[in-house]
> 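Sharing a structure below in C-alpha cells format, with a few things to ask.
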Amino acid sequence: MSTPFIYGNTPCFLGAENLVRHPDKEKDMDVTVYGVPWEGAVTWGDYTGCELGPKVIRLSSARYSGYLPELDHIDVFEHLKLGDKGDVAVTPAEPEDTMKKIREFSKNIWEKGTFPIAFGGDHGITYPIMEGYIEATGKKVGIIHLDAHYDNNNDSNGDPYGRGTPFARLYETDGVVNESLVHLGIHGPRNKPENGRLAQKAGTTTLTIEDIRQADHVREIAKRSYEIASKNTDAVYLSICSDVLDHAFNPGGPVDGNGLNSYELLNIVHEICSLGVIGMDFVEVYPQQDGNDFSSHFASFVALYALAGHVTNIKNKKV
C-alpha cells in the first residue's frame, strides 16, 4: 500500500504510489506525476501564486477515482500504474538555476520511459522539460500547445525564462521541429501582433479558437493538430495552459473570454492522447485566486482524460 502523503498532509496525486518514499518502485510505473512549484522571478499584477498549483491539485485529487463512465466505463487504474515523484526543488528568484533543475529532474523521468504528467507552476517549465526529453532521447519532437496566448515573447521584463517566453526558447531548441509545433486555441487581445508574426516566421501553425469553433467537432481539430505535430517527428508532446479555457471555466485565471469550455478541452485532450503523445504538462493554476479551487479540481479531469486516451493508444498499438 502506498504511503499516502507526498509531503505534510498533501496526498499523492489520485492516490498514486509514493515514489519519494519508495523510489525502488519507479521502474514498475506506467505514469509518473510530478510537480514544478515555480512562478518565475517576473509575474504580473494580481495573477500570482501558481507555485501553489502542485500542492492544491494533489489535495483536490483526493476526491476522485479513475472511473469515467462517459468514456465507455473505463477505469484508468485498471490499466495504468501511477507514481508520484514529488516536486522539483526550485530555487526562488533564480530562474536559470531552476531551469537546470527542471531539465535534470524531467530528464531522469524521460530516461525511465514512463508517461510523465507535470503540474505547474507557470508555463516557463515547458522549455526545460522539452530540453530534458531531447537530452535523454536525442529524438525530434512536435508540440501541441493549448493556450489562449502564444507565450513566445523574447523575454518577460528581461527574464528570458519567464512564463510568457517558453515557446520563443523552444523555437530556438534543436530537436523541436518548429513546423510541427501547433499553437492551438489562441485567442484574445492579450496577444500582441509581434507574437503572431514571430510564430509565423518560426514556421509554426496557429489554429485559433475560431478554427476550433468552425470545425465539425473539436475532435476533428484535435486530429488535424496531431497530424501536423507528428509530421517529421519521432514524438508529440502536449502542453496545456489553463487559460485556454474561458474564464467562466477557469475562475482563478486571468479574464480571457471566448475560450474553450470544459467539454471542448477534455475532448481535445482525450483525442490527442488517443493518437499518441509521450507526455504532457498542465500549468498556470492559481489556487489563491480561486476560492472554490475549481481549476485545481479540474486538473484531475484533464489528467484522467489524457490517461484514458493513453490507454486507447496502447490498445490500438497492440491490434
Side-chain angles (χ1 to χ4, degrees), residues 43-47 50 120 122-124 126 142-154 156 162-168 170-171 178-229 236-272 280-286 289-290 294-295 298-299 301-302 305-306:
T43 186
W44 183 263
D46 293 331
Y47 295 107
C50 62
D122 72 33
H123 217 153
T126 303
I143 303 172
I144 299 175
H145 167 217
L146 275 157
D147 204 324
H149 316 108
Y150 280 103
D151 286 356
N152 65 359
N153 296 316
N154 187 56
S156 294
R163 66 184 178 191
T165 69
F167 287 88
L170 288 165
Y171 295 167
N178 288 349
E179 292 76 14
S180 301
L181 197 161
V182 182
H183 295 289
L184 178 59
I186 304 298
H187 64 278
R190 288 207 299 127
N191 294 287
K192 302 184 293 293
E194 53 265 37
N195 297 129
R197 287 195 291 265
L198 180 58
Q200 186 175 24
K201 183 179 179 182
T204 70
T205 296
T206 299
L207 296 173
T208 70
I209 192 70
E210 191 63 15
D211 291 310
I212 294 174
R213 294 275 159 72
Q214 293 300 321
D216 290 337
H217 193 277
V218 289
R219 288 183 180 266
E220 294 304 314
I221 205 78
K223 290 176 183 175
R224 180 179 167 191
S225 300
Y226 190 86
E227 182 179 349
I228 296 167
V236 176
Y237 184 75
L238 177 61
S239 181
I240 308 170
C241 182
S242 70
D243 64 25
V244 74
L245 289 162
D246 189 273
H247 61 86
F249 298 89
N250 187 41
V255 183
D256 288 300
N258 193 32
L260 296 176
N261 61 39
S262 56
Y263 170 84
E264 291 169 328
L265 178 57
L266 293 176
N267 272 265
I268 289 171
V269 167
H270 183 260
E271 186 65 36
I272 289 170
M280 62 172 288
D281 59 58
F282 187 72
V283 302
E284 310 254 348
V285 170
Y286 298 92
Q289 317 293 340
D290 184 0
F294 177 96
S295 298
F298 191 63
F301 284 73
V302 172
Y305 268 70

> Taking only residues at least two apart or on different chains, which pairs with a member in residues 197-214 satisfy salt bridge (Lys or Arg N to Asp or Glu O under 4.0 Å)?
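Qualifying pairs, neighbours excluded: Arg213-Glu264.
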
> For Phe249, give me all partners under ring-ring contact (aromatic ring centres under 6.0 Å, His included), at least two apart in sequence or on another chain.
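Expected list: none.
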
> Could you tell me which non-hydrogen atom of Gly164 sits nearest to which non-hydrogen atom of Pro166, and how far apart they are?
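What the structure gives for the nearest pair is C-CD, 3.6 Å.
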
> Can you name the residues that form a side chain to side chain contact (heavy atoms under 4.5 Å, CB included) with Ala222, not counting sequence neighbours?
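Once residues adjacent in sequence are excluded, the partners of Ala222 under the side chain to side chain contact (heavy atoms under 4.5 Å, CB included) criterion are Ile268, Glu271, Ile272.
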
> Angle between ring planes, Phe167 versus His145, binned at 30° and 60°: parallel, tilted or perpendicular?
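Plane angle under 30°, so parallel.
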
> Mind checking what makes side-chain hydrogen bond (donor to acceptor under 3.5 Å, both in side chains) contact with Asn191, not counting sequence neighbours?
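Residues passing side-chain hydrogen bond (donor to acceptor under 3.5 Å, both in side chains) with Asn191: none at all.
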
> If we only count heavy atoms from C-beta on, is the Val283 to Asp122 side-chain gap below 4.5 Å?
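No, every pair of side-chain atoms sits at 4.5 Å or beyond.
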
> I need the minimum non-hydrogen distance between Ala168 and Asn153, along with the two atoms involved.
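The answer is CB-O, 3.3 Å.
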
> Give a yes or no on whether the backbone of Pro251 and the side-chain of Asp290 come within a donor-acceptor separation of less than 3.5 Å.
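No, the answer is negative, given that no donor and acceptor are paired below the 3.5 Å cut-off.
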
> Using the test side-chain hydrogen bond (donor to acceptor under 3.5 Å, both in side chains), find all partners of Asn267 that sit at least two apart in sequence or belong to another chain.
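Listed in chain order: Arg219.
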
> Kindly give the heavy-atom pair with the smallest separation between Ser295 and Gly252, and that separation in Å.
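For Ser295 and Gly252, the tightest heavy-atom pair comes out as OG-N, 4.1 Å.
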
> Crowded around Gln200 CD? As in, over 12 foreign heavy atoms under 6.0 Å?
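Counting other residues, nucleotides and ligands, CD of Gln200 stays at 12 neighbours or fewer.
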
> Can you tell me how far CZ of Arg224 sits from CD1 of Ile212, rounded to the nearest 0.5 angstrom?
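Going from the CD1 atom of Ile212 to the CZ atom of Arg224 covers 10.5 Å.
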
> To the closest 0.5 Å, what do you measure between OG1 (Thr208) and CD (Gln214)?
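Those atoms lie 9.0 Å apart.
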
> For Ser225, run the side-chain contact (heavy atoms from CB on, under 4.5 Å) check against Leu146, Leu184, Thr205 and tell me which one passes.
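Single pass found, and it is Leu184.
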
> Using the salt bridge (Lys or Arg N to Asp or Glu O under 4.0 Å) rule, collect all pairs that involve residues 241-253, keeping only residues at least two apart or in two chains.
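Checked against salt bridge (Lys or Arg N to Asp or Glu O under 4.0 Å) - neighbours excluded - the pairs reaching residues 241-253 are Arg190-Asp243.
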
> Quick one: side chain to side chain contact (heavy atoms under 4.5 Å, CB included) partners of Glu179, sequence neighbours excluded?
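Testing Glu179 for side chain to side chain contact (heavy atoms under 4.5 Å, CB included), a comparison that skips the adjacent residues, returns Val177.
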
> Output the distance between atom NE2 (His183) and atom OG1 (Thr204), rounded to the nearest 0.5 Å.
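His183 atom NE2 to Thr204 atom OG1 measures 4.0 Å (nearest 0.5 Å).
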
> Report the C-alpha separation of Val302 and Leu266 in whole Å, then their side-chain angles, then the decisive distance to 0.1 Å, and conclude whether the side chain to side chain contact (heavy atoms under 4.5 Å, CB included) test is met.
CA-CA 6 Å; Val302 172; Leu266 293 176; 4.1 Å; yes

> Hey, could you give me the CZ/OG distance between Phe298 and Ser262, rounded to the nearest 0.5 Å?
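It is 5.0 Å, given to the nearest 0.5 Å.
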
> For His247, what residues pass the side chain to side chain contact (heavy atoms under 4.5 Å, CB included) criterion, not counting sequence neighbours?
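Side chain to side chain contact (heavy atoms under 4.5 Å, CB included) check on His247 returns Val255.
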
> For Ser239, which residues count as a side-chain hydrogen bond (donor to acceptor under 3.5 Å, both in side chains) partner, sequence neighbours excluded?
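His123, Thr126, Asp281.
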
> For Glu194, does the CD atom have more than 12 heavy-atom neighbours from other residues, nucleotides or ligands under 6.0 Å away?
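Check passes, neighbour count above 12.
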
> As an exercise, state the distance from CD of Glu284 to CG of Asn250, rounded to the nearest 0.5 Å.
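It comes to 9.5 Å.
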
> Taking only residues two or more places apart in sequence or in another chain, which ones pass side-chain hydrogen bond (donor to acceptor under 3.5 Å, both in side chains) with Thr206?
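Partners of Thr206 under the side-chain hydrogen bond (donor to acceptor under 3.5 Å, both in side chains) test: Tyr150.
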
> Apply ring-ring contact (aromatic ring centres under 6.0 Å, His included) to His187 and list each qualifying residue two or more places apart in sequence or on a separate chain.
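So His187 forms no ring-ring contact (aromatic ring centres under 6.0 Å, His included) with any residue.
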
> Just wondering, do Leu265 and Tyr305 contact through their side chains at under 4.5 Å, heavy atoms?
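Side-chain contact under 4.5 Å: no.
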
> Kindly compute the distance separating OG (Ser242) from OH (Tyr286), expressed to the nearest 0.5 Å.
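Answer rounded to 0.5 Å: 7.0 Å.
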
> So, does Thr165 use its side chain to make a donor-acceptor pair with the main chain of Ser156 at under 3.5 Å?
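A pair under 3.5 Å: no.
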
